[in-house]
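Values reported hereafter were calculated over all heavy atoms of this structure, with side chains retained and with hydrogens, waters and symmetry mates removed.
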Amino acid sequence: MQKIRCVVERITYQNPENGYSVLKCRVKGYSELVPVVGNLLDANVGSVLVAEGDWKVDSKYGRQFVAESWEETLPATVYGMEKYLGSGLIKGVGPKFAKKIVQKYGMDTFVVIENNVELLIEIEGIGRKRVQMIAKSWEKQKEIKNVMFFLQEHQVSTAHAAKIYQQYGNDSISVMKENPYRLADDIWGIGFRTADQIAMKLGFGKESYVRLRSGLMYTLSELSNDGHVFAEKQQLIEKASELLEASPETVIMTMDEMLKQKELIQEKEILRNDEEGKPVIPIYLPPFYFAEIGVAGKLKKLAAAPAADRLYTRLEEARRRTGNPALSVDVRAVQAKTGMEYDEIQADAIRLAATSKVLILTGGPGTGKTTTTHGIISAYRAYGLKILLAAPTGRAAKRMTEATGLEAKTIHRLLECKPPEGYQKNEENPLEGDALIVDECSMIDVILMNSLLKAIPPSMRLILVGDIDQLPSVGPGNVLRDIIDSGAFPVIRLTRIFRQAQASRIVMNAHRVNQGKMPDMGGGKGSDFFFLENEDGESAASQVVELVRNVLPARFHVDPSQIQVLTPMQKGVVGATNLNLALQEALNPPEHTVFLEGRGRVTMPKECLRRSGFVFRRDDKVMQIRNNYDKEVFNGDIGIIQSVNETDRTLAVDFDGRRVEYDVSELDELVHAYATTIHKAQGSEYPAVVMPVLMNHYVMLQRNLLYTGITRAKRLLVLVGAKRALAYAVENVTVTRRNTLLRERLSGGEPAIRRQ
């Protein structure tokens with residue numbers, strides 16, 4: 001084994017999945033940059049590394065240094081100091097100021113910054129504010145380095161060092177030594193496996209209580225990621241034992257202690273309602289248990305309480321006076337006001353909405369959900385009702401505003417989310433209004449629905465609108481379907497496809513798929529639905545890129561920014577990760593042409609930041625992948641990178657006109673969004689959609705997934721793939737059962753888990 005000391009000049013390649021990286025480094029004694037390869041995911045441009053490994057000659061790339069292990073050190077040369085300071089690791093210092101600082105102080109540069117940072121004000125262009133920024137960043141970077149070195153000593157990836165330091169500050173190392181499993185509880189992006197890796201290196205025993213407890217919490221959390229509100233006790237024991245490589249007996253003992261400490265909640269034994277008829281015992285994480293209980297209780301109370309608005313009281317009075325319990329609003333008057341005609345089912349919906357406290361309106365594309373909602377709003381407004389509109393996502397709320405002419409808010413905005421206190425609207429401070437209409441309710445999980453219902457006063461009406469044939473929520477539960485299946489509230493199902501919608505082959509094919517029929521793939525002039533056959537994954541991926549970059553813009557005059565690629569999976573050659581890399585290269589390459597006075601048109605690199613192997617450039621399309629209440633951006637929000645500050649290591653994203661700042665350590669909350677999974681596209685509509693459907697995706701190919709993908713397209717849909725993959729998806733109606741008891745809690749029947 002040999003050692004080299006090198007300065008990272010540029011990062012040629014990084015694979016975020018396995019950490020494999022190719023760095024071009026400056027090494028003393030070598031005139032040209034040396035390729036250094038290995039698991040170097042956390043190295044930054046400007047970093048000074050001491051790498052241990054061996055030289056080898058690659059038949060394709062020539063001589064390389066293969067690093068088996070490495071550590072980061074402070075640079076020992078003037079050149080290294082300049083590269084380190086100019087790398088962006090120290091905020092307030094870019095390449096320009098780094099050069100000036102090192103030119104003035106030479107080898108004493110770091111001593112000056114460490115002990116007498118005020119001297120930097122002597123350098124032209126550096127003011128007191130920048131000096132303070134440099135001092136603060138230097139101190140923070142020094143502490144983060146200690147955390148990084150500690151992790152490296154224990155052969156653990158340092159990708160999360162900044163987040164660990166952000167969470168615990170100078171206590172980071174002591175926290176990790178005392179209980180590394182806290183990292184999994186406290187820090188988003190650090191799961192049980194990472195914490196366990198640290199704990200094992202620190203000498204924690206495999207059957208220590210903190211490890212078993214964390215493993216059980218992780219297992220329940222993973223099940224909730226699959227949509228389950230609870231775990232079956234035996235299922236939890238088996239999964240946790242396998243994960244922890246521990247005996248079921250020790251897992252049960254740990255679970256019993258957690259139940260005693262109320263860290264878990266156990267329900268009474270229930271009978272599985274399937275062919276086996278086996279009894280099971282549900283185990284809940286407390287937030288999910290109280291959310292499910294809360295949704296059931298609050299919906300029942302809401303439905304039972306009378307409304308206080310003028311429409312409700314007048315109808316009640318007229319019913320008593322006439323003895324006609326079916327009396328409701330005159331739909332003909334609503335039609336005259338809106339200028340729309342309603343069929344009998346839509347008219348029933350308007351009449352029911354006038355008399356109901358809780359109503360569910362469901363139907364597929366083109367069946368008139370928006371038209372019916374408009375009629376309900378018109379009937380309410382005729383009697384002076386104050387109406388609130390909401391939807392789970394910003395895009396869905398925007399569509400609702402455009403369709404109704406009234407302001408619609410995201411549920412988070414409606415509830416006035418203010419971290420760290422949480423939602424300002426709740427039982428003590430309820431929403432003000434007479435009726436709340438919520439769209440895209442199939443997306444709402446049990447936690448969010450409980451928070452929403454907490455804020456609805458007993459006198460308010462609630463209308464839930466959604467398509468239950470779409471994919472269920474990303475979060476735990478199957479709320480809309482459970483509410484409908486409970487039979488506890490009036491439900492209007494819209495089934496008729498209106499004439500104008502029948503002209504859209506997107507709409508007609510969505511209904512065909514939902515009925516278990518193959519889509520009509522005839523195409524032709526004037527069509528909005530096309531199928532391009534391609535069974536090869538790599539060829540299909542290239543075809544998708546070509547469609548977005550050239551074919552669709554030329555043929556249909558649609559800008560590439562208006563085209564969304566949707567795919568069933570995250571991984572694989574036609575998965576979202578790989579397609580994003582290809583689409584980013586095609587649509588937002590690393591270099592751009594600018595006009596400089598005196599020089600004309602010049603090609604220059606685009607500003608960018610790197611994180612975990614991904615490059616974030618100005619003008620990139622990105623998606624937020626977790627709820628961040630501080631920034632008021634939420635899982636699934638899509639924006640465009642507006643600016644990148646390589647010196648401060650920050651970037652700003654424009655989310656529908658709102659600018660949100662990110663530090664480099666926060667970039668794991670963002671992913672590129674040129675392509676996204678169909679699951680992540682719920683609640684959104686796009687002018688044009690390109691969707692690969694191949695047998696590579698077979699584990700994900702289901703009817704409701706294909707149906708959801710098709711219904712995301714507004715004006716144009718192009719499927720690329722294999723007919724047999726389409727046929728497989730259409731025929732596959734096996735949907736993973738979600739463990740939820742909301743239906744039973746609402747219906748008052750004997751709880752039973754069932755297939756959904």
Closer than 3.5 angstrom, by distance alone: can the side chain of [X] be matched with the main-chain N or O of [Y] as a donor-acceptor pair?
| X | Y | answer |
| --- | --- | --- |
| N739 | V229 | no |
| E538 | V573 | no |
| D620 | R617 | yes |
| Q502 | I497 | yes |
| T567 | V574 | yes |
| E232 | Q234 | no |
| R703 | V730 | yes |
| T676 | A673 | no |
| R496 | D343 | no |
| T372 | G368 | yes |

To the nearest 0.5 Å, what is the distance between [atom1] on [X] and [atom2] on [Y]?
| X | Y | atom1 | atom2 | result |
| --- | --- | --- | --- | --- |
| F529 | M508 | CZ | CE | 12.5 Å |
| D469 | H511 | CG | NE2 | 9.0 Å |
| D520 | S527 | CG | OG | 8.0 Å |
| R712 | M691 | CZ | CE | 10.5 Å |
| F230 | R738 | CZ | CZ | 13.0 Å |
| I483 | C441 | CD1 | SG | 7.5 Å |

(request) Report yes or no: is the cationic atom of R413 (NZ for Lys, CZ for Arg) under 6.0 Å from the centre of the six-membered ring of Y629, at an angle within 45° of the ring normal? (result)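 No, a cation-pi geometry is absent between R413 and Y629.
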
(message) Given the ring of Y662, does K631 sit roughly above its face, with NZ or CZ under 6.0 Å from the centre of the six-membered ring and within 45° of the axis?
(response)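 K631 over Y662 ring: yes.
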
(request) Might you work through the side chain to side chain contact (heavy atoms under 4.5 Å, CB included) test for L389 and T373, ending with a clear yes or no? (result) CA-CA 11 Å; L389 303 180; T373 303; 5.7 Å; no

Any side-chain donor-acceptor pair under 3.5 Å between [X] and [Y]?
| X | Y | answer |
| --- | --- | --- |
| D528 | S504 | yes |
| S486 | R743 | no |
| K680 | N635 | yes |
| T393 | D637 | no |
| N704 | Q470 | no |
| N628 | E669 | yes |
| T577 | Q570 | yes |
| Y707 | Q702 | no |
| N534 | S539 | yes |
| Q642 | R618 | no |

Test item: [X] and [Y] side chains (from C-beta on) under 4.5 Å apart, heavy atoms:
| X | Y | answer |
| --- | --- | --- |
| L494 | Q346 | yes |
| V718 | L547 | yes |
| R715 | F556 | no |
| V37 | S21 | no |
| L361 | L464 | no |
| P472 | N478 | yes |
| F530 | L717 | no |
| F614 | Q584 | no |

Mark yes when over 12 heavy atoms from residues, nucleotides or ligands other than [X] sit less than 6.0 Å from its [atom1]; otherwise mark no.
| X | atom1 | answer |
| --- | --- | --- |
| R512 | CZ | yes |
| E242 | CD | no |
| K606 | NZ | yes |
| R193 | CZ | no |
| K714 | NZ | no |
| K369 | NZ | yes |
| E546 | CD | yes |

(message) Parallel, tilted or perpendicular, judged at 30° and 60°: which one describes the rings of F616 and H672?
(response)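 Parallel: the ring planes of F616 and H672 meet at under 30°.
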
(request) Measure up the F634 and H412 rings against each other and bin them: parallel (under 30°), tilted (30 to 60°), perpendicular (over 60°). (result)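 Aromatic pair F634/H412 classed parallel.
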
(request) Could you walk me through whether V689 and I563 pass the side chain to side chain contact (heavy atoms under 4.5 Å, CB included) test, one step at a time? (result) CA-CA 6 Å; V689 167; I563 304 169; over 6 Å; no

(request) For side chain to side chain contact (heavy atoms under 4.5 Å, CB included), just list the numbers for L726 and L719, CA-CA rounded to whole Å, side-chain angles, deciding distance to a tenth of an Å, and then say yes or no. (result) CA-CA 9 Å; L726 266 180; L719 299 180; 3.9 Å; yes

(message) Using side chain to side chain contact (heavy atoms under 4.5 Å, CB included), reason through V438 and I411 one step at a time and then give a plain yes or no.
(response) CA-CA 9 Å; V438 189; I411 295 172; 4.2 Å; yes

Of all the heavy-atom pairs spanning [X] and [Y], show the shortest one and how long it is.
| X | Y | answer |
| --- | --- | --- |
| L651 | V653 | CD1-CG2, 3.7 Å |
| V690 | L552 | CG2-CD1, 3.6 Å |
| S561 | K621 | O-NZ, 3.9 Å |
| A540 | V720 | CB-CG1, 4.1 Å |
| L566 | G709 | CD1-O, 4.0 Å |
| L746 | D482 | CD1-O, 4.3 Å |

(request) Can you sort out the partners of R493 under side-chain hydrogen bond (donor to acceptor under 3.5 Å, both in side chains), two or more places apart, ordered by chain and number? (result)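 Once residues adjacent in sequence are excluded, R493 has no partner under the side-chain hydrogen bond (donor to acceptor under 3.5 Å, both in side chains) criterion.
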
(message) Please determine whether a side-chain nitrogen of the Lys or Arg among E535 and R724 lies less than 4.0 Å from a carboxylate oxygen of the Asp or Glu.
(response)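 Here E535 pairs with R724 in a salt bridge, since their nearest N and O are under 4.0 Å apart.
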
(request) Given side-chain hydrogen bond (donor to acceptor under 3.5 Å, both in side chains), test N588 with D619 step by step and report yes or no. (result) CA-CA 7 Å; N588 193 23; D619 300 327; 5.4 Å; no

(request) Carefully, step by step, assess R399 and S684 under the rule side-chain hydrogen bond (donor to acceptor under 3.5 Å, both in side chains). (result) CA-CA 9 Å; R399 285 206 323 274; S684 295; 5.7 Å; no

